[in-house]
Amino acid sequence: EPNAGFHAHLQRNVAVNGLTGKVSTYQIAFSSQGGHGRMTGWDHRVLAEESEGAVEVVTFDDFCVRQAIRPDIVKIDVHGGEGRILAGMPRMLLHGVSHLFCELHRDMLGYTATDLVAMLQAAGLEVAEFTRHREDDGGQVVPISTALLENPSDHVLYARRPGSPA
């Protein structure tokens, strides 16, 4: 979590739930290339990449190598940086991640929902839409709708490696 306030809140939640030592938190941001940035925009949730920024920016692939991890399930909800994060994780998309949930937003910094679907499919993942993600019943996986492609805001892409358990 790159936002300092949200990261502190996350650390408190880890401690309150007795997960210290079992859950690691990092105050970093993911993007298509490494560098630095600052959090800006609504509630300081949008990453502005710049050389003088206080937030460390890394690619998802580089982070996984550095931490010696291979995440099986990934959830992305980054308020615009979705395409940049996916562009920074080609190795994990090809050889690691089995399930990926990506909440989409109106302004995805030059990427469209169609671009994201294409990136996931190029990595050999089956792509669908996860609907009703804010409902108590847990949501439903369905074919991608025209609504998602035309107005991605508040829609969720679901990608799955063929043969992975549901």
Side-chain angles (χ1 to χ4, degrees), residues 1-14 23-67 69-94 96-123 125 127-134 139 141 144-145 147-160:
E1 171 59 59
N3 179 297
F6 294 146
H7 184 255
H9 188 71
L10 177 62
Q11 288 179 308
R12 282 191 303 276
N13 283 340
V14 167
V23 172
S24 300
T25 66
Y26 302 89
Q27 190 178 346
I28 61 171
F30 292 126
S31 192
S32 58
Q33 60 188 13
H36 290 88
R38 66 181 171 83
M39 303 311 294
T40 185
W42 173 73
D43 210 11
H44 298 280
R45 294 177 184 228
V46 178
L47 175 67
E49 295 180 56
E50 53 189 38
S51 60
E52 301 296 317
V55 175
E56 179 185 7
V57 179
V58 299
T59 69
F60 189 85
D61 280 350
D62 288 346
F63 178 79
C64 292
V65 168
R66 189 166 75 187
Q67 298 299 320
I69 59 173
R70 186 189 130 318
D72 188 46
I73 301 171
V74 173
K75 180 181 187 290
I76 300 172
D77 182 4
V78 292
H79 300 267
E82 299 85 348
R84 291 180 179 176
I85 290 177
L86 290 177
M89 58 187 297
R91 289 189 308 264
M92 284 295 115
L93 289 177
L94 280 169
V97 174
S98 297
H99 301 273
L100 181 137
F101 296 85
C102 183
E103 187 166 345
L104 306 180
H105 296 84
R106 184 174 301 109
D107 177 11
M108 294 191 286
L109 306 175
Y111 289 89
T112 66
T114 302
D115 296 332
L116 274 57
V117 169
M119 279 193 265
L120 295 168
Q121 289 174 332
L125 300 169
V127 185
E129 182 174 353
F130 186 67
T131 62
R132 301 172 46 84
H133 64 284
R134 298 194 193 284
V141 175
I144 293 173
S145 68
L148 179 145
L149 296 174
E150 292 175 354
N151 181 15
S153 189
D154 204 34
H155 288 268
V156 175
L157 283 178
Y158 169 65
R160 176 182 171 271

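Every heavy atom of this structure was used, including side-chain atoms; hydrogens, water molecules and symmetry mates were not. Keep in mind it's a predicted model, so treat the numbers as computed, not measured.
- At least one donor-acceptor pair closer than 3.5 Å links the side chain of Asp61 to the backbone N or O of Met92.
- The two atoms that bring Leu104 and Pro152 nearest to each other are CB-O, 3.3 Å, heavy atoms only.
- Note that NE2 of His155 is 10.5 Å distant from CZ of Arg106, once rounded to the nearest 0.5 Å.
- Relative orientation of the Phe101 and Tyr158 rings is tilted, given thresholds of 30° and 60° on the angle between their planes.
- The line from OG1 of Thr59 to CZ of Arg66 is 9.0 Å long, rounded to the nearest 0.5 Å.
- Of the possible polar contacts, none joining the Gln11 side chain to the His9 backbone as a donor-acceptor pair under 3.5 Å is found.
- Of all the heavy atoms in Arg70 and Ser98, the pair that sits closest is NH2-OG, 4.5 Å.
- The distance from the CE atom of Met89 to the CG atom of Leu120 is 8.5 Å, given to the nearest 0.5 Å.
- Of all non-hydrogen atoms in Val23 and Val14, the two that sit nearest each other are CG1-CG2, 3.8 Å.
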Q: Take Leu86 and Ile76, measure what side-chain contact (heavy atoms from CB on, under 4.5 Å) needs, and give me the verdict at the end.
A: CA-CA 9 Å; Leu86 290 177; Ile76 300 172; 3.9 Å; yes
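- Between the Asp115 side chain and the Thr112 main chain, a donor and an acceptor come within less than 3.5 Å of each other.
- We find the CE-CG distance between Met108 and Leu116 to be 5.5 Å, quoted to the nearest 0.5 Å.
- Across every non-hydrogen atom of Pro71 and Phe60, the tightest pair is CG-CZ, 3.8 Å.
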Q: I would like to know whether Val156 and Asp77 meet side-chain contact (heavy atoms from CB on, under 4.5 Å); could you show each step before the answer?
A: CA-CA 9 Å; Val156 175; Asp77 182 4; over 6 Å; no
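- For the pair Gln27 (side chain) and His7 (backbone), a donor-acceptor distance under 3.5 Å is absent.
- Here CG of Asp72 is found 11.0 Å from CG of Leu100. Values are rounded to the nearest 0.5 Å.
- Distance CZ/Phe30 to CG/Asp62: 10.0 Å, rounded to 0.5 Å.
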**Q.** Criterion side-chain contact (heavy atoms from CB on, under 4.5 Å) on Glu103 and Lys75, from CA distance to verdict
**A.** CA-CA 8 Å; Glu103 187 166 345; Lys75 180 181 187 290; 4.1 Å; yes
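- The two residues Gly80 and His105 come nearest to each other via the heavy atoms N-ND1, 4.0 Å.
- A heavy-atom distance below 4.5 Å is not found between the side chains of Leu157 and Glu82.
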